[in-house]
Amino acid sequence: MVMPELPEVETTRRGIVPHLTGRTVTGITLRAAKLRLPLSAELPRQLAGQRIEAIERRGKYLLFTCSDGTLLLHLGMTGHLRLVPSDSAPGKHDHVELHFDNNTTLRFTDPRKFGTLLWLTGEPLQHPLLAELGPEPLSADFTAEYLFKRSRKRSVATKLFIMNSKIVVGVGNIYANEALFLAGINPARAVGSLAPAETERLTAAIRQVLTEAIALGGTTLHDYLDAAGQPGYFSLKLHAYGRGGKPCSVCGTALQESRLGNRSTVWCPKCQQ
DNA sequence: ACTGGCTCCTGAGGGC
DNA sequence: TGCCCTCAGGAGCCAG
């Protein structure tokens with residue numbers, strides 16, 4: 001199973017950029033009527049003949065800048081992109097394929113159909129799905145001061161706060177657990193109660209965990225593969241996620257596990273206050 | 001303005 | 001071996 005978080009999306013982007021930039025779409029194959037949203041039957045007509053000018057990322061969205069518009073793609077929970085030869089036979093969950101003028105095909109596979117694929121005209125960052133997004137966690141805009149100010153007088157659990165894409169993009173469940181572990185902050189703490197030093201530790205931890213994950217090519221949970229089919233290796237370094245009941249890597253105390261916002265949450269009751 | 005809960009989907013894994 | 005149940009989760013959406 002694939003769990004694309006920001007590092008996986010960025011790894012995917014870096015994997016396809018050298019192969020697709022400047023290429024022209026010669027055809028598109030749709031094999032599903034809908035993913036998270038209906039797949040527009042207009043997509044083949046809209047994409048045919050489009051040249052890929054750039055492939056960028058905003059949060060976990062990929063933006064394919066084309067001659068006359070932008071293809072917006074979200075991998076959802078189980079989606080991944082793979083470059084395959086144009087004559088490669090499709091599998092059960094290969095819902096969309098973009099065919100290019102160099103005999104390669106960009107294949108979108110997504111067993112649970114939580115992904116999104118939209119054709120946008122106009123300024124893509126003004127689209128409702130993108131306009132309200134918070135800063136990129138690895139940009140200069142994501143600072144302890146920013147997090148401190150945004151969190152004042154808010155009672156929501158710190159973990160849910162950092163997973164809110166309107167606050168900061170790209171922090172999914174796995175890395176939220178890891179960042180809170182590294183920062184020594186209890187996931188359930190009301191975010192408004194964090195002291196400045198704690199927001200400093202938290203922003204640093206989010207940067208650290210995402211930076212390390214990108215450097216290692218994303219997390220391997222089961223069979224995560226990037227665009228070229230290479231596995232990531234970050235799962236070897238997970239301290240919290242998936243380790244409920246196991247000893248804390250710092251103090252040895254059994255990690256606790258519960259649900260927060262209906263998401264699996266793991267923390268050390270001694271190290272994270 | 002916030003907050004928490006619901007929803008989409010299907011494979012994996014556990015219990016018997 | 002096979003069936004049934006629960007769980008996993010990104011993020012938009014909505015009611016209170």
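Residue numbers start from 1 in every chain, and the chains themselves are labelled A, B, ... in the order their sequence lines are given, proteins ahead of strands. Quantities reported herein were computed from a predicted structural model and do not represent experimental measurements.
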Take atom [atom1] of [X] and atom [atom2] of [N], then tell me their distance rounded to the nearest Å.
| X | N | atom1 | atom2 | result |
| --- | --- | --- | --- | --- |
| A:His74 | C:dG9 | NE2 | P | 15 Å |
| A:Met77 | C:dG10 | CE | C1' | 8 Å |
| A:Leu72 | C:dA11 | CG | P | 11 Å |

Contact summary for A:Pro137 and A:Val169, nearest pair of heavy atoms: CD-O, 3.2 Å
Which atoms of nucleotides 4-6 of chain C (N or O only) lie under 3.5 Å from a protein N or O atom, and what are those distances?
none

Do any side-chain nitrogens or oxygens of [X] fall under 4.0 Å of OP1 or OP2 in [N]?
| X | N | answer |
| --- | --- | --- |
| A:Tyr175 | C:dG10 | no |
| A:Tyr61 | C:dG12 | yes |
| A:Ser155 | B:dC2 | no |

Looking only at atom types and distance, does a side-chain atom of [X] sit under 3.5 Å from a main-chain N or O of [Y], one as donor and one as acceptor?
| X | Y | value |
| --- | --- | --- |
| A:Asp68 | A:Gln50 | no |
| A:Arg243 | A:Lys246 | no |
| A:Asn164 | A:Leu160 | no |
| A:Thr253 | A:Cys248 | no |
| A:Asn177 | A:Val266 | yes |
| A:Ser67 | A:Arg51 | yes |

Set of residues satisfying side chain to side chain contact (heavy atoms under 4.5 Å, CB included) with respect to A:Arg31, sequence neighbours excluded: A:Thr29, A:Pro90, A:Asp94, A:Glu97
Side chain to side chain contact (heavy atoms under 4.5 Å, CB included) against A:Asn186, all qualifying residues, sequence neighbours excluded: A:Ala188, A:Arg189, A:Trp267
Partner of A:Thr158 by side-chain contact (heavy atoms from CB on, under 4.5 Å), out of A:Leu260, A:Leu147, A:Thr199, A:Leu202: A:Leu202
DNA chain B-proximal residues of residues 158-169 of chain A, any heavy atom under 4.0 Å: none
Selection: residues 125-138 of chain A, any non-hydrogen atom under 4.0 Å of DNA chain B: none
Aromatic ring proximity, centroids under 6.0 angstrom, A:Phe108 and A:His95: no
From CA spacing to verdict: side chain to side chain donor-acceptor pair (under 3.5 Å), A:Thr265, A:Glu257: CA-CA 6 Å; A:Thr265 302; A:Glu257 179 161 14; over 6 Å; no
Report yes if the side chains of [X] and [Y] come closer than 4.5 Å at any heavy-atom pair, otherwise no.
| X | Y | answer |
| --- | --- | --- |
| A:Phe100 | A:Ile52 | yes |
| A:Leu98 | A:Thr105 | no |
| A:Leu20 | A:Leu106 | yes |

Contact list for DNA chain C against residues 116-124 of chain A - heavy-atom distance below 4.0 Å: none
Qualifying salt bridge (Lys or Arg N to Asp or Glu O under 4.0 Å) pairs with a residue from residues 33-46 of chain A, counting only residues at least two apart or across chains: A:Glu42-A:Arg45
Selection residues 128-155 of chain A - residue pairs positive for salt bridge (Lys or Arg N to Asp or Glu O under 4.0 Å), sequence neighbours left out: A:Arg57-A:Glu136, A:Arg58-A:Glu136
Rounded (10°) bend between the five-pair end axes of the helix from B:dC2-C:dG16 to B:dC16-C:dG2: 50°
All salt bridge (Lys or Arg N to Asp or Glu O under 4.0 Å) counterparts of A:Arg263, not counting sequence neighbours: none
Is there any protein nitrogen or oxygen under 3.5 Å from a nitrogen or oxygen in nucleotides 7-10 of chain B, and what are the pairs?
residue : atom : partner  : partner atom : Å
B:dC9   : O4'  : A:Arg112 : O            : 3.3
B:dT10  : O2   : A:Arg112 : NE           : 2.9

Worked check of side chain to side chain donor-acceptor pair (under 3.5 Å) between A:His239 and A:Ser249: CA-CA 7 Å; A:His239 295 283; A:Ser249 58; 3.0 Å; yes
Can you give me the N/O atom pairs linking the protein to nucleotides 14-16 of chain C at distances under 3.5 Å, or say none if there are none?
none

Polar side chain donor-acceptor pair, A:Thr78 to A:Asp110, under 3.5 angstrom: yes
A:Ser88/A:Arg107 under side chain to side chain contact (heavy atoms under 4.5 Å, CB included): CA gap, chis, key distance, verdict: CA-CA 10 Å; A:Ser88 171; A:Arg107 173 175 286 169; 3.4 Å; yes
